J.: 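Mind having a look at this structure? Questions to follow.
Remember, it's 1-based here, ligands and their atoms both numbered in the order they're listed. Computed from a prediction, not measured in an experiment: that's the story for all the values here.
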Amino acid sequence: MVITIDGPAGVGKTTTAKRLASKLGYQYLDTGAMYRAVTYFLRKNFIDISSEVHVKKMLDILNLELDFTSDDEIKVLLDNVDISTLIRSKEITSAVSEVSAIKAVREKMVKIQKDTAKNGNFIVEGRDIGTVVFPDAKYKFFLTADYDVRAQRRLEDFKRVNEELNVNKIKQDLTDRDQYDSSRKLSPLKQAKDAIVIDTSTCTIDDQVNQIFKHIERN
Ligand code: DC
C-alpha cells in the first residue's frame, strides 16, 4: 500500500514521512532526493540542461540507487558513492527546480518511483505523488505552512549540512521555487482533489504525525 504526502519545501514532509513510516512499519521514499540526485549528476558532468538530447543520453547511463537498509535515512547512491549530503547543498537546491521540470527526467523518476513502491508498503513524499505518480492511493495528504515557518525550518536544514544562509534569502528562494514548481507545465505542485490538507505552521512533528495516523486509523 502507498500513502502519499505532497506539499512545498519546508513543510515537514520528510520528517513526517519518516516518523509515520516507522510507526506503521512502512518504508519511506523521498522523491525530492531523487530529483536532487539527477541535478547533481548533470552538473557534475557539465551537461547543458537546455539540450534534451544530452540530458536523455545522460539519463540512459544514470546509475542511481536508493538504499533503504538504514532505519533512519534513505541513502542516495550515484555510481555506488553515497551523495545523500551533497545533494542538500545550496547549489543543488537552487538548480533542482529547473531540472525537475524536464520531461525526460520526470518520466524516468516516475518510473523508478512506481517500480520501487509497487511491491511494498511505502510512504511516498514529493510534489506530484497524489496527483500523477499514485493517483489511486487510498490515503493522500497535502502539507502546507506559513512562509516564515518554512524558511526557519529550511535554515535548520542548511545548518545541518554546514551551509549558512540568511533567513530572508531563504524565504525569497522558497517563494521563487514554489512559483516555479507550481506553474511548470509538467506535473506541477498541486493538491490532489481527494487529499487531506494539514497546515503544519503551528504543529509539532508529533502533532502532524498523529493527525495523519488518526486519519488512517479511522478510515
Ligand atoms: O523536497 P525537495 O526540496 O527535496 O525537492 C527538491 C525539488 O524537486 C523541488 O524543487 C521540486 C522537485 N520535486 C518534484 O518536482 N517532484 C517531486 N515529486 C519531488 C520533488
J.: Give the residue and atom name of whichever protein heavy atom lies nearest to atom 18 (N) of ligand 1, and the separation in Å to one decimal.
T.: D128 OD1, 2.8 Å

J.: Output the list of atoms in ligand 1 that are nearer than 4.0 Å to some heavy atom of T31, sorted by atom number.
T.: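 Heavy-atom distances to T31 below 4.0 Å select 17 (C), 18 (N), 19 (C).
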
J.: Taking the side chain as every heavy atom from C-beta outward, state whether F41 and V99 have any pair of such atoms under 4.5 Å apart.
T.: no

J.: Do me a favour and list the nearest non-hydrogen protein atom to atom 10 (O) of ligand 1 with residue, atom name and distance?
T.: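 So the nearest neighbour among protein heavy atoms is R177 NH1, 2.6 Å.
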
J.: Could you list the atoms of ligand 1 found under 4.0 angstrom from a heavy atom of G126?
T.: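 In order of number, 18 (N), 19 (C).
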
J.: Which part of R88 is near ligand 1, with near meaning a heavy atom under 4.0 Å away: side chain, backbone, both or neither?
T.: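 Under 4.0 Å from ligand 1, R88 contributes side-chain atoms alone.
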
J.: Could you please spell out the steps behind the salt bridge (Lys or Arg N to Asp or Glu O under 4.0 Å) verdict for D30 and K13?
T.: CA-CA 9 Å; D30 172 359; K13 292 190 303 290; over 6 Å; no

J.: Could you check D176, T175, N168 and say which one makes a side chain to side chain donor-acceptor pair (under 3.5 Å) with Q172?
T.: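 Only one option passes, and that is D176.
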
J.: Heavy atom of R184 under 4.0 Å from ligand 1?
T.: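 It does, in that a heavy atom of R184 comes within the 4.0 Å cut-off of ligand 1.
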
J.: Would you mind reporting whether I5 and Y28 have side-chain heavy atoms less than 4.5 Å apart?
T.: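 No, side chains not in contact.
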
J.: With a 4.0 Å heavy-atom cut-off (strictly under), which part of E125 contacts ligand 1: side chain, backbone, both or neither?
T.: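 Under 4.0 Å from ligand 1, E125 contributes no heavy atoms.
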
J.: Would you check if V105 and I49 make a side-chain contact, meaning some heavy-atom pair closer than 4.5 Å?
T.: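 Not in contact.
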
J.: So, K190 and D6, do they make that salt bridge, N to O below 4.0 Å?
T.: no

J.: I need the nearest protein heavy-atom contact for atom 20 (C) of ligand 1: residue, atom name and distance, please.
T.: G32 CA, 3.5 Å

J.: Which atoms of ligand 1 have any heavy atom of Y35 under 4.0 Å away?
T.: 8 (O), 13 (N), 14 (C), 16 (N), 17 (C), 18 (N), 19 (C), 20 (C)

J.: Nearest protein heavy-atom contact for atom 11 (C) of ligand 1: which residue, which atom, what distance?
T.: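 The closest one turns out to be D181 OD2, 3.4 Å.
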
J.: Between V11 and A145, what is the shortest heavy-atom contact and its length?
T.: CG1-N, 3.6 Å

J.: Using a strict cut-off of less than 4.0 Å between a Lys/Arg side-chain nitrogen and an Asp/Glu carboxylate oxygen, indicate whether D128 and R106 qualify as a salt bridge.
T.: yes

J.: Side chains of I87 and T39: closer than 4.5 Å at any heavy-atom pair?
T.: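 No, too far: nothing below the 4.5 Å cut-off.
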
J.: Please identify which of these residues, T144, D178, T200, meets the side chain to side chain donor-acceptor pair (under 3.5 Å) condition with R150.
T.: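 Of all the options given, the one that passes is D178.
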
J.: Identify the protein heavy atom lying closest to atom 1 (O) of ligand 1, giving its residue, its atom name and the separation to 0.1 Å.
T.: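 The closest one turns out to be R127 NH1, 2.9 Å.
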
J.: Backbone, side chain, both or neither: what part of M34 comes under 4.0 angstrom of ligand 1, heavy atoms only?
T.: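 Neither part.
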
J.: Please could you name the atoms of ligand 1 that S97 approaches to less than 4.0 Å, counting only its heavy atoms?
T.: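 Selected atoms, number and element: 10 (O).
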
J.: For atom 4 (O) of ligand 1, what is the closest protein heavy atom, and at what distance to 0.1 Å?
T.: R36 NE, 2.7 Å

J.: Test of understanding: given a 4.0 Å heavy-atom threshold, classify the contact between R154 and ligand 1 as side chain, backbone, both, or neither.
T.: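 It is the side chain that gets close, since no backbone atom is under 4.0 Å.
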
J.: Using a 3.5 Å cut-off on N or O atoms only, is D30 in polar contact with ligand 1?
T.: no

J.: Which is it for R106 and ligand 1 at heavy atoms under 4.0 Å: side chain, backbone, both or neither?
T.: side chain

J.: In terms of residue, atom name and distance, what is the protein heavy atom nearest to atom 12 (C) of ligand 1?
T.: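 Atom 12 (C) of ligand 1 sits closest to the protein heavy atom S100 OG, 3.5 Å.
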
J.: Less than 4.5 Å apart, side chain to side chain, heavy atoms only: is that true for K171 and D148?
T.: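 K171 vs D148: side chains touch.
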
